[in-house]
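This structure is a prediction, so every number in the text was calculated from the model and none was measured. Heavy atoms only: backbone and side chains are in, while hydrogens, waters and symmetry mates are out.
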Amino acid sequence: MQLYPAIDMKNGQCVRLRQGEFKDITVYSDHPERVAEYWESRGASFLHLVDLDGALAGRSVNEAVIRRIVASVSVPVEIGGGIRSEEAIEGMLSLGVKRVIIGTRAVEEPEFLRDMVKKFGSDAIVAGVDAKNGLVATQGWEQVSQVTAAELCSRMKEYGVEHIVYTDISRDGMLSGPNVEATRLLTEETGLDIIASGGVSCMEDLEALYQAGIRGAIIGKALYENRIELSEAVRCYEGERTHGI
């Protein structure tokens with residue numbers, strides 16, 4: 001199971017939100033690139049970046065910080081938040097970002113992802129599926145659509161998407177445990193690389209995801225509050241193992 005330490009950026013800082021609420025914010029560092037270096041030193045083999053300002057603005061806002069992060073680590077990086085055009089995708093990939101996560105446009109114009117997969121390859125384009133009570137939310141989680149997460153994931157598979165970041169908004173930043181069942185169902189129904197996002201609070205949560213056959217997990221607040229030690233998690237879940245935690 002691939003682990004993704006999360007670095008959420010707002011105003012050039014590394015922060016965390018609760019349930020995506022911009023008024024409920026904790027600042028962890030003024031230097032996100034140092035945070036990236038630290039997670040790499042603790043064994044991270046992939047980093048998950050979110051441009052929170054970009055998610056609201058509909059365009060990349062923290063580009064200078066993203067550039068510094070990519071330059072300061074040797075592990076691959078994926079980025080989401082406000083990436084809604086071909087030019088924006090191209091811009092991120094040109095910075096050295098490996099994967100670009102597209103959320104709002106995936107709901108509003110799914111064919112866009114089909115075209116981007118054809119142009120940039122299935123490993124560069126990730127669908128971001130953010131759900132509230134099973135329905136997909138858009139525009140930085142400000143709006144909820146009438147599309148179900150399962151419907152959108154199935155459509156993405158048809159269009160050649162291989163990686164999906166699935167976030168249960170009600171659990172994001174709450175340390176309440178991930179929605180294992182919903183993530184497992186999406187994984188089994190689609191056969192895709194469904195990456196669980198939101199709610200991971202402890203090693204037991206990672207174990208539950210691992211046992212459910214889920215292929216990736218994003219870890220945010222639990223790392224910053226020292227509830228999960230990254231090097232231990234990497235040892236348990238990214239390598240071949242012969243026993244449980």
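- Contact record, V100 with M92: CG2-CB, 3.8 Å, taken as the closest heavy-atom pair.
- Within the 3.5 Å criterion, the main-chain N or O of T190 finds a donor-acceptor partner in the side chain of K157.
- Side-chain contact annotation: R227 with S201, donor-acceptor N/O pair under 3.5 Å absent.
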Q. When you look at S197 and T167, which way does the side chain to side chain donor-acceptor pair (under 3.5 Å) test go after all the steps?
A. CA-CA 5 Å; S197 172; T167 306; 3.2 Å; yes
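- The CD1 atom of I169 lies 10.0 Å from the CD atom of E21; values are rounded to the nearest 0.5 Å.
- Connection of I7 to V234 is established within a shared hydrophobic cluster, with ILVMFWY side chains joined at heavy-atom distances below 4.5 Å, either directly or through further cluster members.
- L152 and V161 fall within the same hydrophobic cluster, where Ile, Leu, Val, Met, Phe, Trp and Tyr residues are linked whenever their side-chain heavy atoms come under 4.5 Å apart, directly or through other members.
- Within the 4.5 Å cutoff, no side-chain heavy atoms of L17 are placed close to those of D8.
- Between the CZ atom in R34 and the CZ atom in R68 there is a gap of 9.5 Å [rounded to 0.5 Å].
- In this structure, I89 is not a member of the same hydrophobic cluster as V61, with clusters built from ILVMFWY side-chain heavy atoms closer than 4.5 Å.
- With hydrogens and angles disregarded, no donor-acceptor distance shorter than 3.5 Å links the side chain of D51 to the backbone of S60.
- Considering CD1 of I25 and CG of L52, their distance stands at 7.0 Å, rounded to 0.5 Å.
- Closest non-hydrogen pair, A44 versus V75, comes out as O-CG1, 3.3 Å.
- The number of heavy-atom neighbours closer than 6.0 Å to CG of N133, taken from other residues, nucleotides and ligands shown, is 12 or below.
- A salt bridge is absent between R84 and E108: the closest approach of a Lys/Arg side-chain nitrogen to an acidic carboxylate oxygen does not fall below 4.0 angstrom.
- In this structure, E40 contributes its side chain and S74 its backbone to a donor-acceptor pair below 3.5 Å.
- Shown here are the ring pair (Phe, Tyr, Trp, His ring centres under 6.0 Å) partners of Y166, two or more places apart in sequence or in another chain: there are none.
- Taking the side chain as every heavy atom from C-beta outward, M9 and D53 never approach each other to under 4.5 Å.
- A donor-acceptor pair is defined here as one N or O able to donate and one able to accept, closer than 3.5 Å; such a pair exists between the side chain of N179 and the backbone of A182.
- Taken from CZ in R114 to CD in E109, the straight-line distance is 9.5 Å, to the nearest 0.5 Å.
- The minimum heavy-atom distance between A6 and R16, with the atom names listed, is CB-NH1, 3.9 Å.
- D193 places none of its side-chain heavy atoms less than 4.5 Å from the side chain of E162.
- Salt-bridge annotation for E78 and K98: absent, with no side-chain N of the basic residue lying under 4.0 Å from a carboxylate O of the acidic one.
- Two residues are said to be in side-chain contact when any heavy atoms from C-beta on lie closer than 4.5 Å; L47 and V73 meet this criterion.
- Under the 3.5 Å distance criterion, with hydrogens and angles disregarded, no donor-acceptor pair is assigned to the side chains of Q13 and S29.
- Separation of atoms OG1 (T26) and CG (D24) is listed at 6.5 Å; rounding is to 0.5 Å.
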Q: Let me see the working for V136 and D130 under side-chain contact (heavy atoms from CB on, under 4.5 Å), right down to the final yes or no.
A: CA-CA 5 Å; V136 178; D130 305 330; 5.6 Å; no
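- One hydrophobic cluster holds both Y159 and I102 under the rule that ILVMFWY side chains link at heavy-atom gaps under 4.5 Å.
- Across all their heavy atoms, L192 and C153 have their closest contact at CD1-O, 4.0 Å.
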Q. Going through the checks in order, is the side-chain contact (heavy atoms from CB on, under 4.5 Å) test met by R99 and D123?
A. CA-CA 7 Å; R99 286 190 200 154; D123 206 42; 4.0 Å; yes
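- Side chains of I218 and V165 form a contact here, defined as non-hydrogen atoms less than 4.5 Å apart.
- The residues E151 and R155 are annotated as not salt-bridged, no charged nitrogen and carboxylate oxygen being separated by less than 4.0 angstrom.
- Residues P178 and T183 are not in side-chain contact: their nearest non-hydrogen atoms beyond the backbone lie 4.5 Å or more apart.
- When side chains are defined from C-beta on, L206 counts as touching V200, because their heavy atoms get closer than 4.5 Å.
- One finds a salt bridge joining R184 and E181 here, because a Lys/Arg side-chain nitrogen approaches an Asp/Glu carboxylate oxygen to under 4.0 Å.
- In plain terms, the two heavy atoms of G199 and D205 that are nearest each other are O-OD2, 3.6 Å.
- With hydrogens and angles disregarded, no donor-acceptor distance shorter than 3.5 Å links the side chain of S122 to the backbone of G160.
- By the criterion of side-chain heavy atoms lying less than 4.5 angstrom apart, applied directly or through intervening Ile, Leu, Val, Met, Phe, Trp or Tyr residues, I69 is not grouped with I101; the two fall into different hydrophobic clusters.
- In this structure, S45 and E238 approach most closely via the heavy-atom pair OG-OE1, 2.7 Å.
- Contact annotation: the side chain of M1 never approaches that of R215 to less than 4.5 Å [non-hydrogen atoms, C-beta and beyond].
- Residue pairs meeting the ring-ring contact (aromatic ring centres under 6.0 Å, His included) criterion with at least one member in residues 37-57, sequence neighbours excluded: Y4-F46, W39-Y224.
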Q: Mind running side-chain contact (heavy atoms from CB on, under 4.5 Å) on I66 and I79 for me, showing each step along the way?
A: CA-CA 9 Å; I66 296 162; I79 174 86; 3.7 Å; yes
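- By the neighbour-count criterion of 12 heavy atoms within 6.0 Å, atom CD of E158 is densely surrounded, having more than that number from other residues, nucleotides or ligands.
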Q | Audit row: Y237, Q2, side-chain contact (heavy atoms from CB on, under 4.5 Å) steps and yes/no | A | CA-CA 7 Å; Y237 298 109; Q2 177 68 55; over 6 Å; no
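- At least one donor-acceptor pair under 3.5 Å links the side chain of E229 to the backbone N or O of E232.
- Distance CD1/I194 to CG/L186: 5.0 Å, rounded to 0.5 Å.
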